[in-house]
There are 2 protein chains.
Amino acid sequence: MDVRTLCLAVLYQGEASGYEIKKAFKEGAFSHFQDASFGSIYPALGRLSSEGLVECTQMAQEKRPDKKVYKLTQNGEDTLITSLLAPPTPDRFTSDFFFILYFAELLPLLQVIKLLDQRISFYQETINRMTQCDPASLPTGRRLCHGLGLTVYQNSLIYLEENKERFIAELRSQHEIPSSIDTNLKQIDTNRHTS
Amino acid sequence: MDVRTLCLAVLYQGEASGYEIKKAFKEGAFSHFQDASFGSIYPALGRLSSEGLVECTQMAQEKRPDKKVYKLTQNGEDTLITSLLAPPTPDRFTSDFFFILYFAELLPLLQVIKLLDQRISFYQETINRMTQCDPASLPTGRRLCHGLGLTVYQNSLIYLEENKERFIAELRSQHEIPSSIDTNLKQIDTNRHTS
DNA sequence: ATAATATATATCGACTTGATATATATTGAA
DNA sequence: TTCAATATATATCAAGTCGATATATATTAT
């Protein structure tokens, strides 16, 4: 979803500045499945403003730098709904954690253990944060998002906790045969390209 | 993870052309947690080649266009390992599905049902594809990736199947009061910005 | 026959990120 | 108390990335 639509979506829930829109992606409601940087938010707001999809009110603040508060227009609201009706593009998931884990045999065991422990902490903290909020207080669509997301984190945590020890033991046993460290993974696909 | 490292990772498993590297992200081993386009793969291979991290062999093919087969050098292998030791950047997950679902109240009910059904099919197909492969045949790290990923898809499917009907019934009941269609979500955060 | 898909490399405009610059207030630690 | 870090607030820019497109041919399906 393009940043312009993302801005409209945040503004649908109440007027906000560029800084506050960024927060919605960093910590707020959209943080688990969308993101945008200042470098794309500010230009997007400028274009939305010139197209009449949002209105800007310059708030000359007492002490802090000027705050530009953006508000959705009726046209902007209609445009948001239309964008939501378009067929969704496939999810995009990019993870260094999975990428590094994939090559676990090539890395020092302590490094891998650290990676897993950090991941377990990440899942625990995320679950704690998400269970702060009472699902019953959420609108229907938002509640399903919340429930599905929470399920993913909870089951990921369970899986890692259940398999961590076995996994580490297996890696340790492989480290005991030093000559195999480097060749383990290569063996798998060696004869793929025999044309 | 930058595209250069991703190319080294694919080449670690066997020599490959740019086209074959792209396939590793589209359908192959890395498809669930990494991606790269031709527009970044080809320049990356050129740079890796000039830096001596990969070697290129031009295969003058009989009928098809020339194939440039890239192979990892020792230097490239070392560079890959070093990159894997760097602290992982946070995951990035971007989903139109979650984004649209979040605003379910604003959309025609049939549209939402279609969205959920497509999602359920997507999970089912992904699980089917992933269960084709025998986990026991995979190296340790790769097996944990596979297991954790599969768990996520399976539990997402279960959650959606268990909650779909209740969710749709709830949306339907809200549609019966037409005046509420537009205001449901707005009510939540209306008095946040009362300064 | 002919449309669609697969193999194969390459380029390019448009967009996005991550870092940086600028300026001030508040909070917490030494 | 002083000093560092964090938070509020906008804006820009180099570097990197995507998605589309061009080019050319073989195979598969309709």
Side-chain angles (χ1 to χ4, degrees), chain A residues 1-7 10 15-28 30-31 34-50 54 56-70 86-87 89-94 96 192-193 195, chain B residues 1-7 10 15-28 30-31 34-50 54 56-70 83 86-94 96 192-193 195:
Chain A
M1 205 60 80
D2 57 286
V3 179
R4 291 170 66 245
T5 306
L6 294 183
C7 289
V10 176
E15 51 178 45
S17 64
Y19 187 81
E20 287 165 332
I21 289 173
K22 173 65 185 164
K23 273 212 293 186
F25 299 119
K26 204 181 149 202
E27 323 166 309
F30 295 98
S31 62
Q34 293 292 343
D35 196 12
S37 65
F38 286 126
S40 57
I41 290 171
Y42 284 117
L45 286 172
R47 230 185 104 187
L48 288 170
S49 208
S50 72
V54 302
C56 177
T57 317
Q58 195 108 10
M59 309 278 273
Q61 292 205 133
E62 321 84 56
K63 311 195 168 180
R64 302 191 164 283
D66 272 18
K67 191 174 170 177
K68 290 180 187 172
V69 176
Y70 294 89
T89 59
D91 292 0
R92 180 176 296 171
F93 177 62
T94 306
D96 275 11
R192 260 201 329 167
H193 297 286
S195 60
Chain B
M1 204 62 79
D2 56 286
V3 179
R4 290 170 67 245
T5 306
L6 294 183
C7 288
V10 176
E15 50 178 45
S17 65
Y19 187 80
E20 287 166 331
I21 289 173
K22 173 65 186 165
K23 272 211 293 187
F25 299 119
K26 205 181 148 202
E27 325 166 307
F30 296 98
S31 62
Q34 292 293 342
D35 197 13
S37 65
F38 286 125
S40 56
I41 289 172
Y42 284 116
L45 287 172
R47 230 185 104 186
L48 288 170
S49 208
S50 72
V54 301
C56 177
T57 317
Q58 195 108 10
M59 308 278 271
Q61 293 205 134
E62 321 85 56
K63 309 193 169 181
R64 302 190 165 284
D66 272 18
K67 192 174 170 177
K68 290 182 188 171
V69 176
Y70 293 89
S83 300
T89 58
D91 291 1
R92 179 176 295 170
F93 178 61
T94 307
D96 275 12
R192 261 201 326 167
H193 298 285
S195 60

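Just so we're clear, the structure is a prediction, and the values are computed from it rather than from any experiment. Each chain gets a letter, A, B and so on, in the order the sequences are listed, and its residues count up from 1.
At a threshold of 4.0 Å, the pair A/D35-A/K22 counts as salt-bridged, since one of the basic side-chain nitrogens sits closer than that to a carboxylate oxygen. Between B/K67 and B/E20 there is a salt bridge, since a side-chain N of the basic residue sits under 4.0 Å from a carboxylate O of the acidic one.
Each of B/V69 and A/A36 lies near DNA chain C, and the nucleotide nearest B/V69 is the one positioned closer to the 5' end.
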Can you check side chain to side chain contact (heavy atoms under 4.5 Å, CB included) on A/C7 and A/R4, steps first, answer last? CA-CA 5 Å; A/C7 289; A/R4 291 170 66 245; 5.8 Å; no
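A/K68 places none of its side-chain heavy atoms less than 4.5 Å from the side chain of A/S17. B/L6 is not listed as a side-chain neighbour of B/I41, based on a closest heavy-atom distance of 4.5 Å or more.
No engagement by A/K22 is indicated, since no non-hydrogen atom pair under 4.0 Å with the nucleic acid exists. Heavy atoms of B/R92 sit under 4.0 angstrom from primed sugar atoms or phosphate atoms, though from no base atom. Among the heavy atoms of the strands, none lies under 4.0 Å from B/K26.
With distances taken from any side-chain atom of A/S37 to the nucleotides C/dT16, D/dA9, C/dT7, the minimum falls on C/dT16. Relative to the side chain of B/Y19, the nucleotides D/dT8, C/dT7, C/dC15 differ in distance, and C/dT7 lies closest.
Across the protein-nucleic acid pair, B/E20 atom CD and C/dA8 atom P stand 6 Å apart, rounded to whole Å. Residue A/L6 contributes atom CG, which lies 12 Å from atom C1' of C/dT16 at whole-angstrom precision. What separates CG of B/D2 from P of D/dT17 is a distance of 7 Å, to the nearest Å. One interatomic measurement links the two molecules: CD of A/Q58 to P of D/dT10, which rounds to 9 Å at whole-angstrom precision. Residue A/K23 contributes atom NZ, which lies 9 Å from atom P of D/dA7 at whole-angstrom precision. Spacing between atom CG of A/D35 and atom C1' of C/dG18 amounts to 11 Å, rounded to whole angstrom units. Taking atom CE of A/M1 as the reference point, atom P of D/dG19 lies 14 Å away to the nearest angstrom. Whole-Å rounding puts the B/K67 NZ to D/dT23 C1' distance at 19 Å.
Annotation: the span from A/T94 atom OG1 to B/D91 atom CG amounts to 8.5 Å, rounded to 0.5 Å.
Shortest non-hydrogen contact noted between A/F25 and A/Q34 is CD2-O, 3.8 Å.
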Protein N or O to nucleotides 11-15 of chain D N or O, pairs below 3.5 Å:
{"from": "D/dA11", "atom 1": "OP1", "to": "A/K68", "atom 2": "NZ", "distance (Å)": "2.4"}

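In this structure, B/S17 reaches the C/dT9 phosphate: one of its side-chain N or O atoms is under 4.0 Å from OP1 or OP2.
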